[in-house]
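Note that this is a predicted model, so its numbers are computed, not measured. In what follows, chains carry the letters A, B, and so on, assigned in the order in which the sequence lines appear, proteins first and then strands, with residues in each chain numbered from 1.
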Amino acid sequence: MSRLRRDERTVQRQSERVVGSDVPKIDAEDKVAGDARFGSDLEPDDVLYAAVLYSTRTHAEIDDVDLSPAMAIDGVECALARPDFMGKFDDRVRHYGDVIAAIAATGPETADRAVNAIDYDLTPLDAVHDAREAVDGDAPTVHPNNLDIAQHAQHDFTIENENYTKNIDDYHELTVGDPDRGFEEADHVVTGEYTTPRVSHCNLDTHCTIAEWDDDTLVLTETLASHGRSQREIAGFLEIDPERVKIKEPPSASSSFGGRSLRKLTVEPVAASLAREVDRPVRLQLDREREFVSTATRHQTQFTLETGITADGEITAMSVDVVTDTGAYPNGVGHVVLKNSRDRPLDVYRIPNYEYEGVAAFTNNVPGGEYRAIGSTQLTFALESHLDEVAARAGLDRITFRRKNLVEEGYVRPHTEVPIGSCGVDDCLERGLRRFEELERDETGDPRITRGWGVAVGAHPTTSGATSEDSSEAILTLTADGTVTAHTGAVDQGQGIDTVIAQIVGHETGIPTSRVDVEPFSTTDRFADHLGSIASRSTYIIGAAVRDAAIALERELHDRAASALDVSADAIEIQDGVAASPNGEGIPVEQLLSPTDGDELEVYGSASSTETPVSYGAHFAAVEVDVETGDVDVLTFVASQDVGHAINPKMIEGQLEGAIQHGIEFALYSELQLDRGMPKNANLADYPVISPKEMPEDVACEIVESNEQSGPYGAKGVGTPSMPPVAPAIMNALADATGNRFRDPPIDSETVYTELSSEDRR
Amino acid sequence: MTEISFELDGEQVTTNVDPKTPLREVLRDEFGKKGVKSSCDSGRCGVCTVHLDGDAVKSCLVLAPKADGRTVTTIEGLAGETDDLHDVQQAFLDKFATQCGYCIPGMIMTAVDYLEDGEYSGERAEIESALKGNVCRCTGYEKIVDAVEEVANSRS
């Protein structure tokens with residue numbers, strides 16, 4: 001019992017100086033010095049370079065591939081046509097950027113030349129490029145054999161909707177209460193249709209894998225945030241045992257935003273097939289165009305929303321209908337889009353009567369994939385735009401209307417039996433609004449300029465919610481040089497989880513964070529955290545496992561120091577890596593290693609949670625529009641976000657500011673434009689990513705702490721939850737400024753100008 | 001093939017190149033300067049930015065023979081012989097300007113060029129204009145601008 005008391009005291013004392021403070025990022029020095037080495041910087045001596053022949057058709061059968069002209073080129077070691085790749089590759093290409101054949105050669109230029117020398121014949125097939133058309137019985141079939149679909153089925157479903165008969169990736173429906181009666185009881189019923197764009201992550205470091213076979217084991221060196229799932233899916237596709245796939249992280253992980261969570265069929269299985277054939281490591285890197293068309297984008301999604309409210313603004317019923325474009329290949333993410341679209345309205349608002357139907361369809365478009373707050377980003381844009389329209393129809397104030405219907409702590413959502421744990425959404429609104437008002441500007445007086453403001457509330461769960469329980473493990477090793485190395489399931493793609501881990505270790509043990517090293521995703525062989533750094537789970541569940549291990553290490557060190565210094569364990573305090581007794585006698589922790597430890601003291605920790613705590617945000621935007629050009633400028637943005645507990649406030653600001661960037665792009669700039677599946681802007685000269693000029697002049701972050709009981713120190717996720725409210729806050733501000741509702745982002749200046757001038761004509 | 005010689009991060013180097021090779025490839029592949037990054041191939045992103053005779057250039061757009069007889073500085077040589085970081089590097093570290101870090105070498109080289117000519121106001125809008133040819137995907141640029149602003153203020 002005395003031990004427990006001691007732990008509590010230690011935690012309180014140290015939290016003041018480590019957890020909760022702006023500890024500098026432990027990887028920053030390497031990064032500013034130019035010493036960080038990413039996946040694409042690695043080129044082992046005996047590596048061969050892959051080049052791939054990509055399809056410029058969106059749907060075709062491969063009749064013939066003549067590789068002999070390529071093989072005749074000096075330096076070409078291997079050439080394979082798609083049907084001869086390992087695993088489930090068949091003889092069809094299903095989207096622009098799909099794979100027809102591949103080369104491995106001694107140099108990248110040779111490989112490129114060899115790809116150009118390949119002769120091939122394709123027979124074009126009828127293609128479908130719209131998800132609504134794809135589900136119709138007359139549509140072309142994207143997957144005739146359903147072979148590669150089987151591995152992705154995440155749940156059983158039966159579809160009663162007779163309009164949905166074909167090319168179905170996934171389907172969800174839900175009814176809560178009595179929606180018909182709810183709509184009857186309403187004083188106002190408002191309907192709206194919204195679409196969201198196909199957005200690319202535009203990670204600067206393009207996909208690059210090095211595949212190598214060690215006997216029957218495939219070793220892949222690349223940034224993949226979700227090892228276990230990637231192992232399973234790559235193995236499933238290659239038709240080998242998942243144990244035979246190993247993933248090694250490069251020294252520095254490349255950014256992801258979901259783009260590197262999972263395998264891509266155009267990358268790992270292709271490199272693996274070549275490497276198997278030549279029995280040498282093969283490096284396959286995508287160029288910029290392939291990064292756009294051969295990986296994945298955010299799912300383009302179409303929404304129809306209907307909401308009924310009473311005269312004083314109480315929601316009586318809501319209906320949400322979703323059609324999302326899975327694109328050419330399944331990856332389980334269509335399911336997540338549908339599930340998150342289904343649950344998010346119920347996570348944020350009290351909706352007594354609710355009906356939902358969502359379908360994900362295969363098309364011959366570039367595949368949809370994971371992207372920061374999958375589905376929630378799309379749904380929240382639609383929902384928060386819609387609720388502004390609902391409030392306007394009923395003549396209600398936008399904030400008052402939302403507040404009237406928001407969930408709160410303890411509320412039992414109708415789709416789950418679990419009461420909401422921590423819920424800072426009302427604080428987010430209140431503090432966000434206060435900050436936003438402080439930043440309000442004087443009117444310009446310029447008649448060309450019209451201004452408006454917008455607010456949006458949003459939410460996203462911490463942990464994927466894919467399973468009923470999430471868990472993680474961690475091992476800490478203390479070595480004779482006084483360094484602690486953390487082995488965890490985390491991958492630091494820039495979000496700062498390694499620094500959080502170092503903070504937690506330092507906080508619990510009294511060893512300085514500067515003496516904590518974090519090994520990137522070292523868990524593959526050692527223990528089974530299969531999910532990795534996705535879904536904003538790292539701090540929450542991996543952090544909790546690290547904390548458990550760190551407490552075990554701290555206890556062990558206290559006990560050993562107590563015997564060494566001949567005092568009780570209670571009396572020991574560890575500071576700056578030195579265990580000290582009350583009389584001032586001290587011993588460095590590394591001297592507490594005993595001969596029986598071998599070279600190091602190893603402790604294990606674990607954590608599990610059945611909760612999927614929701615992180616809330618309320619974001620505010622002020623925009624101004626030049627009515628003569630249609631230019632939209634975001635002047636002010638306030639991101640007020642409930643993070644549970646801020647372990648490193650500066651890094652949280654970094655997450656919020658990055659979300660603002662991606663949200664502005666979603667609202668006003670970025671879309672991979674496809675014309676019947678053919679890309680129109682698959683390069684960074686034509687595809688807009690924003691510069692610092694397009695960021696708001698005033699950016700403010702309000703960090704709200706709701707103390708999530710199931711999270712370490714009360715923390716929950718921030719990276720993904722910070723994304724959903726951004727775009728709708730801007731779009732609501734744009735509607736406020738112009739009096740015109742834009743429902744199909746991204747909205748460029750030409751669209752704004754056209755709308756405003758056609759309004760003038762009326 | 002053309003022989004070129006230039007000063008690279010304080011060292012005199014010579015190599016033979018295909019005259020159509022971008023400087024970036026020579027720096028990365030020939031001389032192992034992997035701190036010079038590679039991304040868009042269209043001059044938009046700026047991750048490959050280095051200094052040519054002290055001026056920031058996108059090394060994917062400069063053909064290698066252009067460097068002949070000149071001085072090339074990459075992020076790896078920015079701090080010179082000292083073990084200390086350059087003050088712009090230090091400011092990026094202090095201000096939490098790095099996330100994944102892939103854009104950072106190019107971003108710092110552009111910022112150093114902006115700060116070196118002495119004719120800057122240090123106002124945020126001006127810094128934003130100076131950095132607009134360098135893309136970062138993680139940070140929303142806020143803390144990057146903070147870092148450059150801090151150096152601008154401390155030097156003035």
Side-chain angles (χ1 to χ4, degrees), chain A residues 22 24-25 27-38 40-43 201-206 252-257 285 287-289 291 492-496 648 650-651 653-662 664 683-687 689-695 697 699 701, chain B residues 18 25 28-29 33-47 74-79 85-86 88-106 108-109 124-125 127-145 147:
Chain A
D22 295 325
K25 295 190 74 185
D27 57 355
E29 188 163 341
D30 270 358
K31 287 176 175 176
V32 299
D35 293 338
R37 292 294 174 265
F38 298 83
S40 61
D41 294 327
L42 306 179
E43 291 172 86
H201 316 81
C202 291
N203 286 305
L204 290 176
D205 195 16
T206 59
S252 285
S254 309
S255 66
S256 172
F257 315 112
Q285 181 170 19
D287 65 17
R288 183 50 61 183
E289 186 191 358
E291 187 70 15
D492 194 335
Q493 297 150 315
Q495 77 276 42
N648 188 316
K650 279 282 173 207
M651 295 202 313
E653 286 177 17
Q655 289 300 301
L656 295 174
E657 289 157 0
I660 294 167
Q661 175 183 5
H662 283 237
I664 290 173
N683 61 75
L684 278 181
D686 296 320
Y687 182 102
V689 291
I690 67 172
S691 82
K693 301 284 288 176
E694 289 79 47
M695 283 295 286
E697 273 168 52
V699 172
C701 300
Chain B
D18 175 338
E25 302 314 309
R28 280 178 62 85
D29 299 342
K33 297 287 182 185
K34 302 286 189 187
V36 179
K37 298 304 177 196
S38 155
S39 175
C40 76
D41 289 315
S42 61
R44 169 67 188 94
C45 78
V47 300
T74 76
I75 187 73
E76 297 180 28
L78 182 64
L85 295 171
H86 185 279
V88 176
Q89 290 172 317
Q90 187 64 45
F92 271 61
L93 190 155
D94 293 342
K95 291 291 178 182
F96 287 74
T98 66
Q99 285 191 31
C100 92
Y102 200 79
C103 73
I104 293 299
I108 287 176
M109 296 312 281
R124 284 185 83 86
I127 295 168
E128 287 167 9
S129 293
L131 300 179
K132 72 172 191 236
N134 288 71
V135 173
C136 170
R137 299 299 299 152
C138 301
T139 63
Y141 304 101
E142 286 299 305
K143 296 196 179 342
I144 289 172
V145 177

Among A97(B), A79(B), G35(B), single out the residue with the greatest number of heavy-atom pairs under 4.5 Å to chain A. G35(B)

For chain B, which of H662(A), E694(A), E291(A) has the most heavy-atom pairs under 4.5 Å? H662(A)

Where does S252(A) contact chain B at under 4.5 Å (heavy atoms): side chain, backbone, both or neither? neither

Structural part of N648(A) lying under 4.5 Å from a heavy atom of chain B: side chain

Under 4.5 Å from any heavy atom of chain B - which part of H201(A): backbone

If I measure from the heavy atoms of chain B, does N683(A) come under 4.5 Å with its side chain, its backbone, both, or neither? neither

Is L93(B) close to chain A through its backbone or its side chain, or both, or neither, when contacts mean heavy atoms under 4.5 Å? both

In terms of heavy-atom contacts, F38(A) and G101(B) come closest through CZ-C, 3.9 Å

Measure A36(A) against the heavy atoms of chain B and call it side chain, backbone, both or neither at under 4.5 Å. backbone

CD-OG distance between Q285(A) and S38(B), expressed to the nearest 0.5 angstrom: 6.0 Å

Given G133(B), P105(B), C40(B), A125(B), the one with more heavy-atom pairs under 4.5 angstrom with chain A than any other is C40(B)

How long is the span from the OG atom in S42(B) to the CD atom in E289(A), to the nearest 0.5 Å? 12.0 Å

Heavy atoms of Y102(B) and D205(A) approach each other most closely as OH-OD1, 3.2 Å

Side-chain donor/acceptor of E128(B) to backbone N/O of K693(A), under 3.5 Å: no

Where on D29(B) is there a heavy atom nearer than 4.5 Å to chain A: the side chain, the backbone, both, or neither? side chain

In this structure, SG of C138(B) is separated from CD of Q495(A) (nearest 0.5 Å) by 9.0 Å

Please flag which part of K37(B) lies under 4.5 Å from any non-hydrogen atom of chain A: side chain, backbone, both or neither. side chain

Return yes if some donor-acceptor pair links the side-chain N/O of Y141(B) with the main-chain N/O of Q661(A) below 3.5 Å, else return no. no

Relative to chain A, which of C103(B), S129(B), G43(B), C45(B) shows the most heavy atom pairs under 4.5 Å? S129(B)

So what's closer than 4.5 Å to chain B heavy atoms on L204(A): side chain, backbone, both or neither? both

Grab the two heavy atoms, one from Q99(B) and one from Q655(A), that are nearest each other, plus how far apart they are. OE1-NE2, 3.4 Å

Distance check, rounded to the nearest 0.5 Å: R28(B) atom CZ versus E43(A) atom CD? 6.5 Å

Which pair of non-hydrogen atoms, one from R137(B) and one from F257(A), has the smallest distance, and what is that distance? O-CZ, 3.1 Å

Residue pairs passing the salt bridge (charged side-chain N to carboxylate O under 4.0 Å, His left out) test with at least one member in residues 96-106 of chain B, sequence neighbours excluded, are none

What residues, two or more places apart in sequence or in another chain, satisfy salt bridge (charged side-chain N to carboxylate O under 4.0 Å, His left out) together with E142(B)? R124(B)

Which atoms of V135(B) are under 4.5 Å from chain A, going by heavy atoms: the side chain, the backbone, both sets, or neither? both

Closest heavy-atom pair, L85(B) versus E29(A), reported as atoms and distance to 0.1 Å, is CD1-CG, 4.3 Å

Minimal non-hydrogen separation, D22(A) against F96(B), with atom names: O-CZ, 3.5 Å

Can you say whether T74(B) sits under 4.5 Å from chain A via the side chain, the backbone, both, or neither, judging by heavy atoms? neither

Charged N-O contact under 4.0 Å between K95(B) and E653(A): no

Report which part of L131(B) has an atom under 4.5 Å of a heavy atom belonging to chain A: side chain, backbone, both, or neither. both

